[in-house]
Amino acid sequence: MQQTLNNMQQEAVLHNEGPLLILAGAGSGKTRVLTNRVAYLIKECGVAPWKILAITFTNKAADEMRERVDRIVGENSQDVWVATFHSTCVRILRRYIDRLGYTSDFSIYDADDQKTLLKNIFKSLEIDTHMLKEKNAMRVISSAKDELIGPEEFSKQAADYRDELIAKVYMEYQRQMKKNNALDFDDLIVKTVQLFDENEDVLERYQEKFRYIMVDEYQDTNNAQFRLIELLARRYHNICVVGDDDQSIYKFRGANIENILSFEKAFAGAKVIKLEQNYRSTGNILEAANSVIMHNRGRKEKRLWTGREDGHKVRLYQYDNAYDEADAVIHDIYGLCQDGNYADYAVLYRTNAQSRLLEERCVRLGIPYLIVGGVNFYQRKEIKDILAYLKTINNGLDDLACKRIINVPKRGIGAASVGKTEASAMAESISFYDACKKSGNAKIKDFVEVIEEYKAKVREGMKLADLIDSLLEDTGYREELEQEGEVEAETRIENIEELKSKAAEFENKYSLNDDTEQGNLLSEFLSDVALVADVDSFDESVSRITLMTLHGAKGLEFRYVYMTGMEEGLFPSSMSINSDDRSELEEERRICYVGITRAKDLLTMTFARSRTVNGETTWSKASRFVDEIPDEYLEKHLLEKNYNASSLYEDDYGDLDYERGKSQSETDRYSKGGNQFGGFNRKAPSTYQKASSVAKADHLDYGVGDTVIHTKFGTGTVIAIEEGERDFEVTVDFGDFGTRHLFAAFAKLQKI
């Protein structure tokens, strides 16, 4: 057993008494350590298998650990508790939850059950959903449970009317949950902690049962989970946790990095063992990762190393815009993949909205792909809703499209009215939309009036992007999303803006001539989108390129990894850059570290000078995370300083080497893909060519502190102005739209 372990792994396995923190760097073999430690405790230390508890976060991780334990331990291995936090708590509660006034056959409510219950509560409490959304209330309640704050305590801490309202909802929610003999996922942890706190005999039983406790991915634990583990380990102190503070990236889910950073304080006398030998990546990739993460202050010192060769340097490519970037990345993969095994390749991005261009390029080249941690861009609800409007405007025979949006956003058309209209359509053998046109229902008539109005606008030549924008306003779709006031709603709006960008790009590419009608253009656009969205033809048994967010990539590894959108303001996000809380930026850096360490053989980073986000074209510098990697580990392929319209912004890139980058060696094993990648056509679209003709003003009509208005972001306050050689860079705080860095010639700000 021990011959397969390195020295530090072996030391971790042999430590069998007292608290132990194993700082397991990326790719350092932590699962091997955990499973061998279980085997050592049983075979060498004589520990009964049923006295060992091994906890992790996902069923997949638990199943993998279970399989390895069974293989190594053999007989009696099934007596070892290998489970997730939630499944562990369910087993305990099934036996003792009667102590808390529930019965053992309690139900477990999922998100949909919670949503239904909250809707009923909002109705009974007569809460105006314009003031408070069910999802927002549920998020706050879940966060309170993570901190072990019950409804009574939450009510006492309420700071304003909104908190008081949520406190009422929280109180009623828990009352009805108990009445229904039900627990949600947060309750599984909270109620187990409550059970232990209020019943010393139950706690003592499980402290005796689990004399040896091991927790995987400890950096992802929240406060309630920490409390649960602390209670169980309090008697014998044989608590072994495995984690990596440098990979703590789930703060938004309630994870508290302090649990791992302060482990030695929470468990006196704890031993700390660092696993720094990486078995996954080449030397240059690891040096890049080390160089980035060392800039974080809130971390435990460690440095990854490998016995592997240095390998290829990290490739860094700059492009004029996001379209060129997506083209180059997918073409590079196409060039490199000679054996057809696309499963070796992953393209990572910070936000889901970035996936659209990559998806389209994959479809265009006929390359199979799989989106992990999200749905296909064109399958997202908000995108399907808007496309359903466009389909109904374009083709009234599409019953599915019409039925989808007849009451989206809600306009008071109930199921009974829809059913009656459907019956009429069937009786007269006409389309659902034609039946709507004949309906005597006033609200259905209003819906028809909207559709007919837009049919006329299309005939009159309204641009596709303007059509989508106008629909969002006239139907109230945007307003409904904005009223949710949460991150998910903001993401949906961003996705719709990305659809607008797609529409504008399509229209620019297929500009109308005298023989083309606007209605035909709409049909062509919908056909184009349908082609991109159709992924059903891909055989699931065939390997695919993996497209995923950096968050979703944690725990995975690939031979070839592409990190796209490495731009200041996108990654790290503007919100983290402008935050007074340094931990926000440090979490972004940890996300970058996770991305880098997914790569085994070749890592490629890309960024663009300009990117259209939320319908607004912005110009960006390379991410600070790129700048944190020393040149000796990078192979740069950057645009020429005076290339196209972006020569306007040379001052903003003065700290970067703008040589195109030396071509790779002919004997380089990546030369086929690399040359194709570095030499990809970077012709700027017409929008950028137009930009070069805009001249810098002699002076600005506004100054710092003035209130200005922007056509997209509305009113804002000027907080900084910097005069460059080519243009003024103006920093404006637009409130809900955040702080934006704009070039005066393009922003056309007007002083109010």
Side-chain angles (χ1 to χ4, degrees), residues 319-334 345-391 464-465 467-469 472 481 488 490-510 524-536 538 544-553 562-567 570-571 573 606-608 610-618 620 685 687:
Y319 292 92
D320 246 8
N321 52 67
Y323 307 107
D324 285 0
E325 178 189 51
D327 278 333
V329 168
I330 302 305
H331 272 85
D332 191 56
I333 294 174
Y334 185 76
Y345 300 83
V347 184
L348 311 181
Y349 36 81
R350 184 64 182 86
T351 66
N352 276 313
Q354 293 170 250
S355 68
R356 195 261 296 176
L357 293 175
L358 295 162
E359 290 181 65
E360 291 185 358
R361 272 52 182 182
C362 286
V363 173
R364 297 282 187 264
L365 287 176
I367 298 176
Y369 69 96
L370 175 67
I371 295 183
V372 178
V375 296
N376 179 295
F377 180 85
Y378 294 102
Q379 295 301 312
R380 294 168 183 145
K381 179 186 181 301
E382 60 276 12
I383 301 303
K384 290 178 71 70
D385 286 345
I386 300 304
L387 290 176
Y389 268 106
L390 297 180
K391 288 177 182 178
L464 296 177
L467 176 64
I468 295 171
D469 213 24
L472 290 173
L481 287 178
E488 182 180 348
E490 292 176 5
T491 300
R492 288 182 177 179
I493 292 174
E494 289 174 1
N495 288 335
I496 294 172
E497 296 292 348
E498 182 68 7
L499 180 64
K500 282 174 52 184
S501 298
K502 159 67 179 177
E505 174 198 8
F506 182 90
E507 191 155 16
N508 287 336
K509 186 175 180 181
Y510 295 94
E524 291 295 324
F525 174 66
L526 291 170
S527 297
D528 185 75
V529 167
L531 172 66
V532 173
D534 185 13
V535 297
D536 295 333
F538 291 146
R544 304 177 178 187
I545 297 174
T546 301
L547 307 179
M548 65 196 315
T549 64
L550 286 149
H551 275 102
Y562 296 76
M563 293 176 65
T564 61
M566 298 296 295
E567 297 142 28
L570 179 60
F571 187 40
S573 67
T606 66
F607 66 105
S610 66
R611 187 177 299 272
T612 303
V613 180
N614 298 342
E616 181 78 9
T617 299
T618 58
S620 303
T687 51

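Throughout, numbering of the chain's residues begins at 1 and tracks the sequence.
Once rounded to the nearest 0.5 Å, the distance linking CD of Glu567 with OG1 of Thr606 reads 7.5 Å. Remark: Glu494 CD to Ser501 OG distance equals 11.5 Å, nearest 0.5 Å. In this structure, the separation between CD1 on Ile493 and CG on Leu472 is 8.5 Å, given to the nearest 0.5 Å. Rounded to the nearest 0.5 Å, atoms CD1 (Ile333) and CG (Leu358) are 8.5 Å apart. Atom CD in Gln354 sits 4.5 Å away from atom CG in Leu570 (nearest 0.5 Å). One distance of note links CG of Leu467 with CG of Leu464; it measures 6.5 Å at 0.5 Å rounding.
Val363 has its side chain within reach of Tyr369: a pair of non-hydrogen atoms, C-beta onward, lies under 4.5 Å apart. Two residues are said to be in side-chain contact when any heavy atoms from C-beta on lie closer than 4.5 Å; Arg361 and Leu357 meet this criterion. Contact annotation: the side chain of Asp327 never approaches that of Tyr319 to less than 4.5 Å [non-hydrogen atoms, C-beta and beyond]. For the pair Arg380/Asn352, a side-chain contact is recorded, criterion being any heavy-atom separation below 4.5 Å from C-beta on. Annotation: side chain of Tyr562 is in contact with side chain of Asp332 (closest heavy-atom distance under 4.5 Å).
Counting all heavy atoms, side chain and backbone alike, Cys362 lies closest to Ile330 at SG-CD1, 3.7 Å. Residues Asn495 and Ala353 approach most closely at OD1-CB, 3.5 Å, considering heavy atoms.
At a threshold of 4.0 Å, the pair Glu498-Lys502 does not count as salt-bridged, since none of the basic side-chain nitrogens sits closer than that to a carboxylate oxygen. A salt bridge links Lys500 with Glu497: the distance from a Lys NZ or Arg NE/NH1/NH2 to an Asp or Glu carboxylate oxygen falls below 4.0 Å.
Partners of Tyr345 according to the ring-ring contact (aromatic ring centres under 6.0 Å, His included) rule, which considers only residues two or more places apart in sequence or in another chain, are Tyr560. With sequence neighbours left out, Tyr349 forms a ring-ring contact (aromatic ring centres under 6.0 Å, His included) with no residue at all. Qualifying side-chain contact (heavy atoms from CB on, under 4.5 Å) partners for Ala465, counting only residues two or more places apart in sequence or in other chains: Ala504.
With hydrogens and angles ignored, the 3.5 Å screen pairs no side-chain donor or acceptor of Ser355 with any backbone N or O of Met548. The backbone N or O of Ile496 sits nowhere less than 3.5 Å from a side-chain atom of Glu382 that would complete a donor-acceptor pair.
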